[in-house]
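Note on naming: letters A, B, ... go to the chains in the order of the sequence lines (proteins, then strands), and numbering restarts at 1 for each one.
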There are 2 protein chains.
Amino acid sequence: MSHMRYSCLMAVDRDHVLRTAAALLTRKSTATMDEVAKAAGISRATLHRHFAGRDALVRALESLGIAECEAALDAARLDEGAARDAVHRLVREIEPAAGLLAFLYTENQLFEGEEQNAGWARIDERIAALFRRGQQSGEFRIDLTPAWLTEALYGLLASGAWAVSEGRVARNDFTHMIVELLLGGALRQPEQPREES
Amino acid sequence: MSHMRYSCLMAVDRDHVLRTAAALLTRKSTATMDEVAKAAGISRATLHRHFAGRDALVRALESLGIAECEAALDAARLDEGAARDAVHRLVREIEPAAGLLAFLYTENQLFEGEEQNAGWARIDERIAALFRRGQQSGEFRIDLTPAWLTEALYGLLASGAWAVSEGRVARNDFTHMIVELLLGGALRQPEQPREES
DNA sequence: CTGCTATGAGACATCAATGTCTCACATGCG
DNA sequence: CGCATGTGAGACATTGATGTCTCATAGCAG
């Protein structure tokens, strides 16, 4: 049966195209199907055979972004150890997907009426739960709502991705910059308290 | 001379159209010229008489955003008093323009090759200078670069504007959420140090 | 009243991106 | 070899936004 090999090859190519498209759209969110195809090294016709249209491509990218997010969430083991350490692991794990996330984050702003993929709600909830846990354990302040902390994390990830891609921030500082700002803020603290060694 | 009254009336209308367009494009960044015209209560022809095209409209919005930013920077008196208080004043003053800023912030991501308005560089520099002052006075930590703090402020303003417009954050909490997160971070601190009373 | 000006409405032409189609070619398998 | 399948190249039609144009009308100053 050629079906198995067929679907396997398709999946490989599909993934390659998807990653190339993600990389391109991260830099130029209005790139043409033509540009996406060229970037992936295939013709527009073939691109169209894999993804029925630009909509389908963006949806597929959304699924990819959700999958990578959930993988990062799993890898970060959000409910283990101190919440602050979990945040640090989360940002570190999610860093490779930050560009794609930034693209999808702004793209979602114009989905207006349409229902957005339910995956985001689950991701939002998992991240918000982490901040809630940190608040309940006394690690995090309670005057900043988990919803806002979640939103702020998205915003900082997007800002960080853009700042890196434009050379305003060193790529290696990405995680440190985001985690330190999100957790500790810009103010110089007299002592960095660690409640668990 | 009818010229004076003429230009005056034009300016008023122009400003009204600009503000309406800003409000609309903040919510739906891909709005049509037709939608912009309808939102402003004028016909597409008249809109086109004021702004030669979509490009010109966006450029005008950019100028408006820059002007509002600089006005906020002036009103915040960034070089007076403690740097943390200056940041607070800045966010408070810039809040009304946050939606427009968010739109322009993402719009700038796709200006790729073209040179961007020099006004942004000046604004960047003034904000970065504030953070630098805070670092030199010992108020702010020095491991987060002024460039990153500036970028992070933009990101938080955009996130905040979207979170408010989608009802995830209360409008009245906007300034508090942003300032507290940017300055203090999510971690609960044993004592909030105030180096000047 | 008489013109002048800004406007609204709408009819185009244009342009770019998209979606669909055909055809030729190459690769791989029986 | 002969056949099937995936692909690239390119020719279309379509669609949506845009830019430009004309014309009728309302408001206003002289």
Side-chain angles (χ1 to χ4, degrees), chain A residues 1-22 24-62 103 106-107 109-114, chain B residues 1-22 24-62 103 106-107 109-114:
Chain A
M1 295 307 232
S2 64
H3 286 80
M4 277 189 58
R5 194 176 39 72
Y6 167 79
S7 64
C8 176
L9 280 180
M10 290 293 283
V12 168
D13 269 339
R14 191 187 145 93
D15 191 73
H16 168 246
V17 171
L18 227 37
R19 307 225 165 246
T20 313
L24 173 61
L25 290 175
T26 290
R27 296 192 307 272
K28 181 176 162 63
S29 61
T30 58
T32 298
M33 293 292 275
D34 229 336
E35 301 177 87
V36 172
K38 273 188 178 50
I42 63 177
S43 73
R44 198 164 66 95
T46 303
L47 176 61
H48 220 273
R49 283 182 194 108
H50 287 331
F51 306 96
R54 190 192 177 77
D55 250 28
L57 177 63
V58 172
R59 293 306 172 102
L61 282 173
E62 192 176 32
F103 163 68
T106 57
E107 196 78 359
Q109 300 307 124
L110 56 84
F111 269 178
E112 242 196 325
E114 318 168 30
Chain B
M1 297 303 237
S2 65
H3 285 80
M4 278 188 59
R5 194 176 39 72
Y6 166 80
S7 63
C8 175
L9 279 180
M10 290 293 283
V12 168
D13 268 342
R14 191 186 147 95
D15 191 72
H16 167 246
V17 171
L18 226 38
R19 307 227 164 243
T20 312
L24 174 61
L25 290 175
T26 290
R27 293 192 308 272
K28 183 177 162 65
S29 62
T30 58
T32 299
M33 293 292 276
D34 228 336
E35 301 176 88
V36 172
K38 273 187 178 50
I42 62 177
S43 75
R44 198 165 68 94
T46 303
L47 176 61
H48 212 272
R49 282 182 195 109
H50 287 334
F51 306 96
R54 191 192 176 75
D55 249 28
L57 177 62
V58 173
R59 294 306 172 102
L61 281 173
E62 193 175 32
F103 163 69
T106 58
E107 198 78 1
Q109 300 307 125
L110 55 85
F111 269 177
E112 241 194 323
E114 317 167 32

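Here the side chains of A:L61 and A:E107 are not in contact, with every heavy-atom distance at 4.5 Å or above. Side-chain contact between A:R59 and A:F51 is absent, with no heavy-atom pair separated by less than 4.5 Å. Contact annotation: the side chain of A:T20 never approaches that of A:V36 to less than 4.5 Å [non-hydrogen atoms, C-beta and beyond].
The CG atom of B:L47 sits 15 Å away from the C1' atom of C:dA9 (whole-angstrom rounding). As a whole-Å value, the separation of B:H50 NE2 from D:dT18 P is 17 Å. A straight line from CD of B:E35 to C1' of D:dG16 spans 12 Å, rounded to a whole angstrom. One atom, CZ of B:F51, and another, C1' of D:dT18, lie 17 Å apart when rounded to the nearest Å. In this entry the distance linking CZ of B:R49 with P of C:dG8 reads 8 Å, nearest Å. B:L57 has its CG atom 14 Å from the C1' atom of D:dG19, to the nearest Å. Taking atom NZ of B:K38 as the reference point, atom P of C:dG8 lies 11 Å away to the nearest angstrom. Rounded to whole Å, atom P of C:dA16 lies 14 Å from atom CG of B:D55.
Closest to the side chain of A:D13, from the set C:dA17, D:dT7, C:dT7, is D:dT7. Nearest to the side-chain atoms of A:H48 among the listed nucleotides D:dG8, C:dT7, C:dT20 stands C:dT20. In this structure, of C:dG10, D:dA17, D:dG8, it is D:dG8 that holds the atom nearest to the side chain of A:A45.
B:R44 contributes no side-chain N or O that forms a donor-acceptor pair with the base of C:dG10 under 3.5 Å. In this model, no side-chain donor or acceptor of B:R54 finds a partner on the base of D:dG19 within 3.5 Å.
For D:dG8, one of the phosphate oxygens OP1 or OP2 lies less than 4.0 angstrom from a side-chain nitrogen or oxygen of A:S43.
Of all the heavy atoms in A:A31 and A:L25, the pair that sits closest is CB-CD2, 3.8 Å. Across all non-hydrogen atoms, the minimal contact from B:M33 to B:L47 is O-CD2, 3.3 Å.
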